[in-house]
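Everything on this sheet refers to the single structure shown next.
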Amino acid sequence: MRKVLGPSFFNRPTLAVARDLLGKYLVRKVRGKEIALLITETEGYHGTKDLACHARAGRTARNDPMWGKPGHAYVYFTYGMHWMLNLVTGPDGFPSAVLIRALGDELNGPAKLTKFLQIDKRLNTKPLAKTSGLWVEDRGVIVKRSEIQRGPRVGISYAGEYAHKPWRFMVKKKKSGN
DNA sequence: ACGATGATGAAC
DNA sequence: TTCATCATCGTA
């Protein structure tokens with residue numbers, strides 16, 4: 001089974017998309033080579049009231065992609081050196097997205113995976129599709145509820161009551177030594 | 001614990 | 001136009 005996920009997958013509540021992305025594959029094609037990696041950690045950012053979400057400041061040049069159509073990439077630059085990959089969720093006109101925080105066991109960190117996959121501003125606003133060189137596939141991996149760990153999002157302690165909302169989803173680590 | 005390193009948004 | 005801040009990471 002190998003199905004490219006389109007807008008109907010992303011045009012759903014942000015937290016449902018964040019949870020369901022666990023076990024899906026992020027695929028990047030660069031210079032003719034495809035790299036497919038399991039999505040193992042995500043965070044949801046939802047609407048203008050979420051003080052951790054970039055859309056809290058209203059619609060701006062930077063966060064504009066979040067307000068657009070579901071199933072597109074929102075890639076932004078932070079800390080003077082890091083690119084972050086987000087997948088836009090919800091209906092056109094509503095600002096929300098899911099941050100991809102980890103792929104597999106190795107690329108555990110949102111800036112590590114973008115560096116490895118050569119994701120930067122060139123992919124911002126692009127649709128998640130083969131023609132963009134970046135897309136998401138369902139390859140039939142099932143992640144059970146019992147394998148999913150939830151917790152507060154990382155690096156947003158300024159966000160008041162939203163700082164402790166459990167909008168981070170991760171696949172529980174397997175025991176070492178397989 | 002902290003520095004690297006620059007875009008962003010809000011204040012002035 | 002200036003300034004503090006930032007959805008981080010590697011080194012200490």
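Computed from a predicted structure; not experimentally measured. Reminder, nothing fancy here: chain letters follow the sequence lines and each chain counts from 1.
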Set out, line by line, the N/O atom pairs under 3.5 Å between protein and nucleotides 7-12 of chain B.
residue, atom, partner, partner atom, Å
B:dG9, OP1, A:T60, OG1, 2.7

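- We find the CE-OG distance between A:M66 and A:S96 to be 6.5 Å, quoted to the nearest 0.5 Å.
- Between A:H46 and A:W167, the two ring planes are perpendicular [angle over 60°; tilted spans 30° to 60°].
- In this model, a donor atom of one side chain and an acceptor atom of the other lie less than 3.5 Å apart for A:T60 and A:N63.
- If you check every strand for non-hydrogen atoms under 4.0 Å, A:A52 touches a base.
- For the pair A:R28 and A:E34, the salt-bridge criterion is not met [side-chain N within less than 4.0 Å of a carboxylate O].
- A 4.5 Å side-chain heavy-atom check between A:L87 and A:V136 finds at least one atom pair inside the cut-off.
- Between the side chain of A:K121 and the backbone N or O of A:W83 there is no donor-acceptor pair closer than 3.5 Å.
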Apply salt bridge (Lys or Arg N to Asp or Glu O under 4.0 Å) to A:D120 and A:K115, showing your working.
CA-CA 8 Å; A:D120 59 26; A:K115 184 180 180 192; over 6 Å; no

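- The footprint of chain A on DNA chain C, defined by a heavy-atom cutoff below 4.0 Å, extends from C:dC6 to C:dG10.
- From A:R139, atom CZ reaches atom CG of A:L38 across 10.0 Å, with rounding to the nearest 0.5 Å.
- In this structure, the separation between NZ on A:K33 and CD1 on A:I35 is 9.0 Å, given to the nearest 0.5 Å.
- For A:R101 and A:E43, the salt-bridge test passes: some basic side-chain N is under 4.0 Å from an acidic carboxylate O.
- For the pair A:L134/A:L117, no side-chain contact is recorded, criterion being any heavy-atom separation below 4.5 Å from C-beta on.
- A heavy atom closer than 4.0 Å to some atom of DNA chain B occurs in no member of residues 116-125 of chain A.
- Rounded to a whole angstrom, the distance from the P atom of C:dA4 to that of B:dG3 is 15 Å.
- Rounding to the nearest 0.5 angstrom, the gap separating the CZ atom in A:F169 from the CD1 atom in A:I39 is 13.5 Å.
- A heavy-atom distance below 4.0 Å to DNA chain C is reached by these residues of residues 79-102 of chain A, ordered by number: A:Y79, A:H82, A:M84, A:N86, A:L99, A:R101.
- Within residues 152-167 of chain A, the residues having any heavy atom closer than 4.0 Å to DNA chain C are, in order of number, A:V154, A:G155, A:I156, A:Y158.
- In this structure, A:Q118 CD and A:R31 CZ are separated by 5.0 Å, a value rounded to the nearest 0.5 Å.
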In dot-bracket notation, what is the pairing pattern of DNA chain B, taking Watson-Crick (N1-N3 plus N6-O4 or O6-N4) and G-U wobble (N1-O2 and O6-N3) contacts under 3.5 Å, with [ ] crossing and | for other strands?
||||.||||||.

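- Between A:Y45 and A:H54, a ring centre-to-centre spacing not shorter than 6.0 Å is recorded.
- Side-chain N or O atoms of A:D138 include none that pairs as donor or acceptor with a backbone N or O of A:K24 at under 3.5 Å.
- A:F10 has its ring centre no less than 6.0 Å from the ring centre of A:H72.
- Remark: A:D50 does not engage A:R56 in a salt bridge, criterion side-chain N to carboxylate O under 4.0 Å.
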